[in-house]
Enquirer: 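Handing you a structure now.
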Amino acid sequence: MNKIFPILLCLVLAACFEVPVEENTIAPKSTRVEPLSAEQVLKENSSEALRFEPIPNSRIRFFDAQGRLMESGVKGGFYRKVLGRTPHNRLVLQDFYQDNDKPYTLPFVAVADAQLKIFNGAAVRDSRTVWLQPDGSVARVSEFRNGKAVGESWFYHRNKPFAYIKLLNDKPKKTDVPIAASAASAVNASEPVVAIVKKNKPVKSLKKINKPIINHSSAPEEPDRSLSRGAALMYFFYPNGVLMAEIETDGNKQNKITLYYPNSATMMQIEDDGSQSSRAAWDAKGQKVTPSDVSVEADVLALRIEYGLNLMGRGQGVLAELLSQ
């Protein structure tokens with residue numbers, strides 16, 4: 001079982017077992033991440049941003065809700081259009097909701113000799129892919145190269161950045177920053193543009209949450225499971241874009257979780273190496289407190305983190321069960 005879940009449980013249920021409390025009195029400063037805005041995503045990945053030769057009257061392929069190829073359109077399904085061909089002879093594709101003909105993705109570049117009957121997953125993709133909600137808002141942005149996931153994704157809720165994950169080959173490093181490449185960059189064969197990362201500084205406690213923070217049913221079906229394991233750096237955001245939580249994991253025993261207040265001050269930090277854990281907590285002004293003093297705020301954030309972990313394929317429902325006990 002992923003070590004993140006028991007650690008998060010201890011975050012919100014501070015008395016679940018005894019762990020040493022750090023004696024540090026100074027709250028660590030937060031990592032300030034500049035989120036990739038939905039407006040930037042829509043602009044950089046529009047048909048106008050891509051350079052391709054249109055292919056008129058191309059064949060339309062139909063898929064059901066699970067992404068299986070169908071002979072014709074089905075309720076709740078999707079369909080795929082071939083929009084054109086890039087200067088490098090790659091097809092430009094776009095998927096649509098069957099029920100309302102609204103885009104399910106923005107245009108994206110396919111791999112050479114693409115198998116267009118493959119709907120979900122990475123195999124057909126060779127650029128950033130942007131998934132949209134039925135209302136046109138951004139749901140997810142993921143990077144792909146040569147039919148493989150790069151292991152970097154942004155997730156959105158109501159067109160606001162909600163979570164970010166980057167898979168790492170080794171132990172997480174703070175020098176690993178979010179990439180912001182566009183489908184247009186794949187067409188132009190250019191290098192990805194790197195987003196900004198800077199540095200910054202640590203409210204009190206509730207307990208029972210009676211309704212989910214976010215409606216889980218709002219996001220389109222997960223396109224691939226490439227983010228579900230391995231070392232990773234994860235960020236979670238408040239609706240206003242302020243960093244809410246940060247998780248560093250080696251995918252096994254080494255885990256570090258930091259929660260932040262809406263004012264960017266550090267709320268709680270927990271480190272676990274598989275054999276022992278340490279916890280430290282602060283109030284919104286940076287004064288040292290006990291973890292139980294911030295258990296209510298941590299409880300609220302844990303629900304939001306759980307939602308993000310589920311989107312990344314790292315949730316498995318375990319955290320929700322533990323929190324409800």
Side-chain angles (χ1 to χ4, degrees), residues 36-50 52 54-85 90-111 114-144 147 149 153-163 182-184 186-187 212 214-227 307-308 310-313:
L36 180 62
S37 71
E39 293 75 18
Q40 181 181 346
V41 169
L42 294 170
K43 180 180 178 180
E44 292 181 350
N45 298 274
S46 65
S47 295
E48 294 74 26
L50 297 177
F52 61 90
I55 299 177
N57 303 318
S58 62
R59 176 186 170 188
I60 295 178
R61 290 167 175 81
F62 299 94
F63 303 86
D64 66 9
Q66 285 70 48
R68 294 173 295 201
L69 188 66
M70 308 295 289
E71 291 185 0
S72 60
V74 296
K75 184 177 178 58
F78 309 91
Y79 62 90
R80 169 170 290 166
K81 286 184 177 181
V82 177
L83 302 183
R85 196 178 295 274
R90 299 292 180 85
L91 295 178
V92 176
L93 311 177
Q94 186 171 11
D95 300 329
F96 296 83
Y97 288 98
Q98 182 68 53
D99 293 346
N100 63 4
D101 296 317
K102 297 291 182 65
Y104 177 56
T105 70
L106 293 181
F108 63 92
V109 180
V111 298
Q115 297 293 314
L116 302 186
K117 63 183 180 181
I118 300 176
F119 188 71
N120 291 326
V124 75
R125 309 175 197 281
D126 194 24
S127 75
R128 168 187 287 179
T129 301
V130 179
W131 283 270
L132 304 174
Q133 300 283 9
D135 64 3
S137 61
V138 177
R140 173 178 171 173
V141 179
S142 294
E143 310 293 341
F144 300 90
S153 292
W154 286 90
F155 297 88
Y156 296 77
H157 179 66
R158 295 178 179 172
N159 244 19
K160 301 292 184 182
F162 174 77
S182 65
V187 174
I214 293 178
N215 181 4
H216 292 215
S217 64
S218 63
E221 184 171 337
E222 182 76 10
D224 72 86
R225 307 297 291 179
S226 60
L227 305 172
Y307 173 69
N310 282 330
L311 292 177
M312 298 169 185

Enquirer: Mind listing the closest non-hydrogen atom pair of G73 and Q98 along with its distance?
Expert: CA-OE1, 3.4 Å
Enquirer: Taking all non-hydrogen atoms of both residues, which atom of I118 and which atom of A123 are closest, and how far apart?
Expert: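 Here I118 and A123 meet closest at CD1-CB, 4.2 Å.
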Enquirer: Would you compute the distance between atom OG of S58 and atom NZ of K81 and round it to the nearest 0.5 angstrom?
Expert: 8.0 Å
Enquirer: Please find the pair of heavy atoms, one from N100 and one from P134, that lie closest to each other, and give the distance.
Expert: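 So the two residues come closest at ND2-O, 3.5 Å.
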Enquirer: With heavy-atom distances below 4.5 Å as the criterion, would you say the side chains of Y156 and L311 are in contact?
Expert: no
Enquirer: Looking at Q94, is its backbone amide N or carbonyl O close enough to the side chain of T105 to form a donor-acceptor pair, meaning the two atoms are under 3.5 Å apart?
Expert: no
Enquirer: Can you check whether V130 reaches V138 side chain to side chain, under 4.5 Å on heavy atoms?
Expert: yes
Enquirer: Looking at the rings of F162 and F155, which for Trp means the six-membered one, are their centres under 6.0 Å apart?
Expert: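 No - the distance between ring centres of F162 and F155 does not fall below the 6.0 Å cut-off.
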Enquirer: I need the R85 CZ to I55 CD1 distance, nearest 0.5 Å.
Expert: 4.5 Å
Enquirer: Once rounded to the nearest 0.5 Å, what's the spacing between atom NE2 of H157 and atom NZ of K160?
Expert: 11.5 Å
Enquirer: Checking R90 now: which residues fulfil side-chain hydrogen bond (donor to acceptor under 3.5 Å, both in side chains) with it, not counting sequence neighbours?
Expert: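 Result, side-chain hydrogen bond (donor to acceptor under 3.5 Å, both in side chains) vs R90: D126.
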Enquirer: Let me confirm one number: the OG1-CZ distance from T129 to F108, rounded to the nearest 0.5 Å.
Expert: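 Answer rounded to 0.5 Å: 5.5 Å.
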Enquirer: Between E44 and R128, is there a side-chain N and carboxylate O pair less than 4.0 Å apart?
Expert: yes
Enquirer: To the nearest 0.5 angstrom, please state how far the CZ atom of F78 sits from the CG atom of D95.
Expert: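 The distance works out to 8.5 Å.
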Enquirer: Where do L69 and R61 land on the side chain to side chain contact (heavy atoms under 4.5 Å, CB included) test, with the steps shown first?
Expert: CA-CA 7 Å; L69 188 66; R61 290 167 175 81; 4.2 Å; yes
Enquirer: Side chains of L93 and V82: closer than 4.5 Å at any heavy-atom pair?
Expert: yes
Enquirer: Within this structure, what is the CG-OG distance for the pair L106 and S47, rounded to the nearest 0.5 Å?
Expert: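 One gets 8.0 Å once the value is rounded to the nearest 0.5 Å.
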Enquirer: Please give me the minimum heavy-atom distance between P107 and V92, naming the atom from each residue.
Expert: CB-CG1, 4.0 Å
Enquirer: Contact between K75 and D99 at the side-chain level, heavy atoms closer than 4.5 Å - yes or no?
Expert: yes
Enquirer: With a 4.5 Å cut-off on side-chain heavy atoms, are F63 and Y79 touching?
Expert: no
Enquirer: Are S137 and L132 close enough that some pair of their side-chain heavy atoms sits under 4.5 Å apart?
Expert: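 Not touching, per the 4.5 Å side-chain cut-off.
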Enquirer: Among side-chain atoms of S142 and R140, is any donor-acceptor pair under 3.5 angstrom?
Expert: yes
